[in-house]
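For reference, the structure discussed in these notes is given below.
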Amino acid sequence: MANIELGELNLRQGKNDVAFDIFFELAQFELSADAQFALMKMCSDGLLKTDQAESLMTWLNRESGRGNGYADYNVGLIHEQGVIGGKPDYKKAVEFYTKAIKEEVHDAFCNLGNIYITGVGAAQGVLRDIDKGAELLAKGAELGSRQAAYTLGSHYGKGEIIQADYRKAFFYLTLASLALHDQAKRILLIMQHSVKEDFSEELERAQHLHAKIQNMRQLYKLL
């Protein structure tokens with residue numbers, strides 16, 4: 001029986017076709033989230049042949065039609081990255097990320113929010129909306145997306161797109177760090193040395209929200 005470890009071994013050995021077949025089998029017949037992640041990584045890294053990428057897209061679209069939120073998210077990611085077709089399609093990405101959000105895929109809040117906050121899709125009719133983007137990122141962070149927390153914290157820390165707010169930056173980066181986001185941890189260390197403020201209140205709030213998120217995850221597992 002094929003397994004993730006066997007697929008990863010073949011991938012490390014440069015046997016991409018074999019790795020694809022293993023991951024694709026696991027994704028189709030066992031709905032393995034790890035296999036789907038591996039396939040998307042291969043896709044974004046340019047390791048799939050045209051027919052393999054098309055087969056993956058066909059399957060994801062079929063799963064999307066069945067209400068598979070992770071399939072919606074992955075189709076959105078493919079369109080956002082322009083993996084198939086040679087250039088990003090932000091309208092399609094927004095469409096599928098929105099569907100994924102309705103299916104409770106919380107990382108979709110991050111991708112959708114970042115499209116709005118950065119305005120990368122403006123030329124294709126997806127107008128920049130900084131407030132909407134920040135609201136989506138905050139909602140994703142509140143629901144447990146560490147990538148949404150990291151992204152919003154980074155925006156507040158940099159102050160390039162939205163006004164710099166070190167307290168909000170510290171809160172969201174701490175939330176991401178508590179969820180084991182390595183880059184968030186590194187940025188927090190830099191902030192603690194460079195920004196001489198007392199962030200104890202933000203730390204307590206982040207710890208409280210993180211505990212709430214973990215409790216909800218445990219509850220879902222028991223249901």
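- Formation of a donor-acceptor pair under 3.5 Å by the Lys15 side chain with backbone atoms of Arg12 is not found in this model.
- Atom CD of Gln163 is surrounded by 12 or fewer heavy atoms from other residues, nucleotides or ligands within 6.0 Å.
- Around CD of Glu103, the count of heavy atoms belonging to other residues, nucleotides or ligands within 6.0 Å exceeds 12.
- Residue Ala141 comes nearest to Ala148 through the heavy atom pair N-CB, 3.6 Å, listed as atom of the first residue, atom of the second, then distance.
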Show the numbers, then the answer: is there a side chain to side chain contact (heavy atoms under 4.5 Å, CB included) between Ile101 and Val105? CA-CA 5 Å; Ile101 284 173; Val105 180; over 6 Å; no
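- Asn74 is not listed as a side-chain neighbour of Leu56, based on a closest heavy-atom distance of 4.5 Å or more.
- Atom CZ of Phe199 sits in a crowded spot, with more than 12 heavy atoms from other residues, nucleotides or ligands closer than 6.0 Å.
- A donor-acceptor contact shorter than 3.5 Å links the side chain of Arg167 to the backbone of Asp198.
- The backbone N or O of Glu54 sits less than 3.5 Å from a side-chain atom of Thr58, completing a donor-acceptor pair.
- Within the 4.5 Å cutoff, no side-chain heavy atoms of Lys99 are placed close to those of Tyr73.
- Both the sub-6.0 Å distance and the 45° axial angle are satisfied by Lys132 relative to the ring of Tyr116.
- Taking CG of Asn61 as the start and CG of Asp72 as the end, the distance is 9.0 Å to the nearest 0.5 Å.
- Judged by distance alone, with hydrogens and angles left aside, the side-chain atoms of Ser64 form no donor-acceptor pair with the main-chain N or O of Leu60 at under 3.5 Å.
- When side chains are defined from C-beta on, Lys49 counts as touching Asp17, because their heavy atoms get closer than 4.5 Å.
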Before you tell me yes or no, could you show the steps for Gln28 and Arg62 under side chain to side chain contact (heavy atoms under 4.5 Å, CB included), namely the whole-Å CA-CA distance, both residues' side-chain angles and the distance that decides it to 0.1 Å? CA-CA 11 Å; Gln28 288 184 94; Arg62 185 166 63 245; 4.2 Å; yes
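- In terms of heavy-atom proximity, Leu6 sits nearest to Asn3 at N-OD1, 2.7 Å.
- Taking a 6.0 Å sphere around NZ of Lys185, one finds it holds more than 12 heavy atoms contributed by other residues, nucleotides or ligands.
- Taking CG of Asn68 as the reference point, atom CD of Glu63 lies at 5.0 Å (rounded to 0.5 Å).
- How far CG of Asn16 is from CG of Asn10: 9.5 Å, rounded to the nearest 0.5 Å.
- Leu175 CG to Leu152 CG: the interatomic distance, rounded to the nearest 0.5 Å, is 10.0 Å.
- The heavy-atom pair separating Ala169 from Gly153 by the smallest distance is CB-O, 3.4 Å.
- From Phe37, atom CZ reaches atom CE of Met42 across 13.0 Å, with rounding to the nearest 0.5 Å.
- Closest approach of Leu188 to Ser177, counting heavy atoms only: CD1-CB, 3.6 Å.
- Taking 4.0 Å as the cut-off between side-chain N and carboxylate O, Lys41 and Asp45 count as a salt-bridged pair.
- Of the possible donor and acceptor atoms, one in the side chain of Asn215 sits under 3.5 Å from a partner among the backbone N and O of Ala211.
- In this structure the side chain of His155 never reaches within 4.5 angstrom of the side chain of Tyr150, judged on heavy atoms.
- Between Arg146 and Asp107 there is no salt bridge, since no side-chain nitrogen of the basic residue lies less than 4.0 Å from a carboxylate oxygen of the acidic one.
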Please list every donor-acceptor pair under 3.5 Å in which a side-chain atom of residues 75-98 meets a protein atom from a residue at least two apart or in another chain.
{"from": "Glu80", "atom 1": "OE1", "to": "Tyr97", "atom 2": "OH", "distance (Å)": "2.5"}
{"from": "Asp89", "atom 1": "OD1", "to": "Lys91", "atom 2": "N", "distance (Å)": "3.3"}
{"from": "Asp89", "atom 1": "OD1", "to": "Lys92", "atom 2": "N", "distance (Å)": "3.1"}
{"from": "Tyr97", "atom 1": "OH", "to": "Leu77", "atom 2": "N", "distance (Å)": "3.3"}
{"from": "Tyr97", "atom 1": "OH", "to": "Asn111", "atom 2": "ND2", "distance (Å)": "3.1"}
{"from": "Thr98", "atom 1": "OG1", "to": "Val94", "atom 2": "O", "distance (Å)": "2.7"}

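- In terms of heavy atoms, Ile161 sits closest to Ile130 at O-CD1, 3.8 Å.
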Please step through side chain to side chain contact (heavy atoms under 4.5 Å, CB included) for the pair Asp129 and Asp131, ending with a clear verdict. CA-CA 6 Å; Asp129 189 330; Asp131 290 340; 3.9 Å; yes
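- By the 6.0 Å and 45° rule, Arg205 stacks over the aromatic ring of Phe171.
- Inter-residue side-chain proximity for Ile4 and Phe23 is flagged as met; some heavy-atom pair is nearer than 4.5 Å.
- Residue Thr118 holds its OG1 atom at 7.0 Å from CZ of Arg128, rounded to the nearest 0.5 Å.
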